[in-house]
*Asks:* 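Below you'll find the structure I mean.
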Protein chains: 2
Amino acid sequence: MSSAEGQSLREPKYYTVKRHLLEVTDSLLPGSPVPTERVLAAELGTSRTTVRQALFELVAEGRLVRRQGSGTYVAEPKMTWPLQMASFTEQATANGLTASNQLLSAVRGQAEPDVAGRLGIGAGAAAFRIERLRLADDRPIAVEVSYLSAARFPQLARHLRRGSSLYAVLHEHYGVVPASAQESISTAPATPREAALLDTDTGAPMLVLGRHSFDGTGAPVEWVTSWYRGDRVTLIANLRP
Amino acid sequence: MSSAEGQSLREPKYYTVKRHLLEVTDSLLPGSPVPTERVLAAELGTSRTTVRQALFELVAEGRLVRRQGSGTYVAEPKMTWPLQMASFTEQATANGLTASNQLLSAVRGQAEPDVAGRLGIGAGAAAFRIERLRLADDRPIAVEVSYLSAARFPQLARHLRRGSSLYAVLHEHYGVVPASAQESISTAPATPREAALLDTDTGAPMLVLGRHSFDGTGAPVEWVTSWYRGDRVTLIANLRP
DNA sequence: GGATCGTAGTGGTCTAGTCCATTCCGTCGA
DNA sequence: TCGACGGAATGGACTAGACCACTACGATCC
């Protein structure tokens, strides 16, 4: 960007700090340390609060990582993650990653009204709530919460504990194969629980993927919400318009 | 909050403030004012900075909107927006919205290396950079930056100024119809320019959609980056796994 | 009646601190 | 040699205030 620049829009000071950091940063390798907050504040003649505001955005973009007690470092590049997750493990291995799932909980309970509506069951009817952690190379990528009708998939929780994947269980034990899905993508700040599971900060921007899938007859099969770290993941999809 | 509370995960104080605001908020109608920052700080026995941190997350989630000089208000619900945008106008009208485009700029210049790579042209070869603002009911929804090969689409900028849509121009004047696309979705904070165009704040979380589309022969047609307000938009897609 | 001007109150930005939790790493002791 | 301890440095959370830009709205003036 050689041409006109930086005068028309009056920008806040923290944004100047951010651009300065961007310049310093992109000649460094991932993992390299960045000057400390107190040093930056002194060097740039500003307060630590202002420096932190700039750092906060760079962390949200996935360019820096902060480690309390240690320092701030240049982050690894984002990884890409496919939208269609019918074959989560396949897709991951295709990218040279070792994918794994960790079952956090699988409980049977009364469905909240919105969940019941999506599953096509009565409000208060029984539904499974399955919470899983998705990992790639043992690093947590996403928290996934799935809801399925308990009446339609009896004993689901027991089958899951054997370690097989949810879709495999649906196919083998119930003969159900998802045929279509509607997905929705939005952003939200991480709650303390998600932040803890995904090893990030409360309030960090997340990519929230909702997946509403149906079988061949058009009946709803499951309703899933996946929370991805926005600073480490880019979702990708192949479309045929 | 009658039940167990505030002990297992030690949460920062601003998160307590946030949850308090969530309760107060969801019994209010969109557009209702929320107490001012100074009042909240006094009521909750905390500092304005801490209240602002809580408000900031609620704004990022799309639950509140802030208007400088006026106050903070309960936000309208998010709108949904389709991923496949081949027929942007159709999709919008289907949702009962009046869609429109505003051409911000259409310039011919040398392609940066990454853009050139995506367009399948030599680095430094000529490319059009087309910047548009997408609106629904005259409210800005997204900023879109498209790159197309200048050699392949001569006089493109002139055709566009006539007001027709990009895809219509490609079809009518060049006989090109996009046949497939790869999309990528990630998050990023708004730059001052995007914030100004979309009437939001610098640093607000955005949904960034990259679209790399190809014609029937597999040759790249365009490379588009769309910036959506994360607090007002949910992207949706229909998939057939 | 209608336009203009002030002013009070709002959110936006920034400062200069404090104290805390965590990490790192050198020193000391067994 | 190896472990435990402790201090120093880091980022995390928070405070109490300052000044600015902007908005709303009433009072004033034509």
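Lettering follows sequence order; numbering is per chain, from 1.
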*Asks:* Atom CZ of B:R38 and atom P of D:dT15: how far apart are they, to the nearest Å?
*Replies:* 16 Å
*Asks:* Check whether any side-chain N or O of A:S70 sits under 4.0 Å from OP1 or OP2 of C:dC24, and answer yes or no.
*Replies:*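 Answer is yes, contact under 4.0 Å.
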*Asks:* To the nearest angstrom, how far is B:Y15 atom OH from D:dA13 atom P?
*Replies:*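 Result: 13 Å.
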*Asks:* Using a cut-off of less than 4.0 Å, is there contact between a side-chain N or O of B:R48 and OP1 or OP2 of D:dT15?
*Replies:*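 So the side chain of B:R48 is outside the cut-off, no N or O lying under 4.0 Å from OP1 or OP2 of D:dT15.
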*Asks:* B:R67 near the nucleic acid: base, sugar-phosphate alone, or nothing, with a heavy-atom cut-off under 4.0 Å?
*Replies:* sugar-phosphate
*Asks:* Evaluate whether atom OH of B:Y14 has more than 12 neighbouring non-hydrogen atoms of other residues, nucleotides or ligands under 6.0 angstrom away.
*Replies:*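 Counting neighbours around OH of B:Y14, more than 12 heavy atoms of other residues, nucleotides or ligands fall under 6.0 Å, so yes.
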*Asks:* Return the value, rounded to whole Å, for the distance between atom NZ of A:K18 and atom P of C:dC14.
*Replies:* 14 Å
*Asks:* Map A:G45 and B:P35 onto DNA chain C by nearest heavy atom, then report which one ends up closer to the 5' terminus.
*Replies:* B:P35
*Asks:* Taking only side-chain nitrogens and oxygens of B:R66, does any of them come within less than 4.0 Å of OP1 or OP2 of C:dG12?
*Replies:*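 For B:R66, the contact criterion (side-chain N or O under 4.0 Å from OP1 or OP2 of C:dG12) is met.
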*Asks:* Rounding to a whole Å, what distance do you find between A:L58:CG and D:dG11:P?
*Replies:* 14 Å
*Asks:* Take B:I185 and B:V208 through the side-chain contact (heavy atoms from CB on, under 4.5 Å) test and state the conclusion after the steps.
*Replies:* CA-CA 6 Å; B:I185 301 125; B:V208 185; over 6 Å; no
*Asks:* Should the pair B:R66 and B:Y73 be classed as cation-pi, given the thresholds of under 6.0 Å to the six-membered ring centre and 45° from the axis?
*Replies:*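 Not flagged: B:R66 not positioned over aromatic ring of B:Y73.
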*Asks:* Does a side-chain N or O of A:T72 approach OP1 or OP2 of D:dG11 to a distance below 4.0 Å, or not?
*Replies:* yes
*Asks:* Report the nucleotide, chosen from C:dC14, D:dG11, D:dC14, that has the shortest atom-to-atom distance to any side-chain atom of A:T50.
*Replies:* C:dC14
*Asks:* Once you round it to whole Å, what is the distance between P of C:dT13 and CZ of A:F56?
*Replies:*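 From A:F56 CZ to C:dT13 P: 15 Å.
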*Asks:* Counting just side-chain N and O atoms, does B:T46 come under 4.0 Å of either OP1 or OP2 of D:dT15?
*Replies:* yes
*Asks:* If the test is salt bridge (charged side-chain N to carboxylate O under 4.0 Å, His left out), which one of A:R19, A:R52, A:K18, A:R63 qualifies with A:E57?
*Replies:* A:K18
*Asks:* Distance from A:E76 atom CD to A:R232 atom CZ, nearest 0.5 Å?
*Replies:*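 One finds 9.0 Å between CD of A:E76 and CZ of A:R232.
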*Asks:* Taking OP1 and OP2 of C:dG12, is either one under 4.0 Å from a side-chain nitrogen or oxygen of A:K13?
*Replies:*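 No.
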*Asks:* Rounded to whole angstrom units, what separation is found between the CD atom of A:E57 and the P atom of C:dT13?
*Replies:* 10 Å
*Asks:* Return the value, rounded to whole Å, for the distance between atom CD of A:Q68 and atom C1' of D:dC14.
*Replies:* 14 Å
*Asks:* Once you apply a heavy-atom cut-off of 4.0 Å, does B:T36 come out as touching a base, just sugar-phosphate, or nothing?
*Replies:*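 It contacts sugar-phosphate atoms only.
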*Asks:* At less than 4.0 Å, is any side-chain N or O atom of A:S47 found next to OP1 or OP2 of C:dG17? Yes or no.
*Replies:* no
*Asks:* Rounding to a whole Å, what distance do you find between A:R52:CZ and C:dC20:P?
*Replies:*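 Taking CZ of A:R52 and P of C:dC20, I get 17 Å after rounding.
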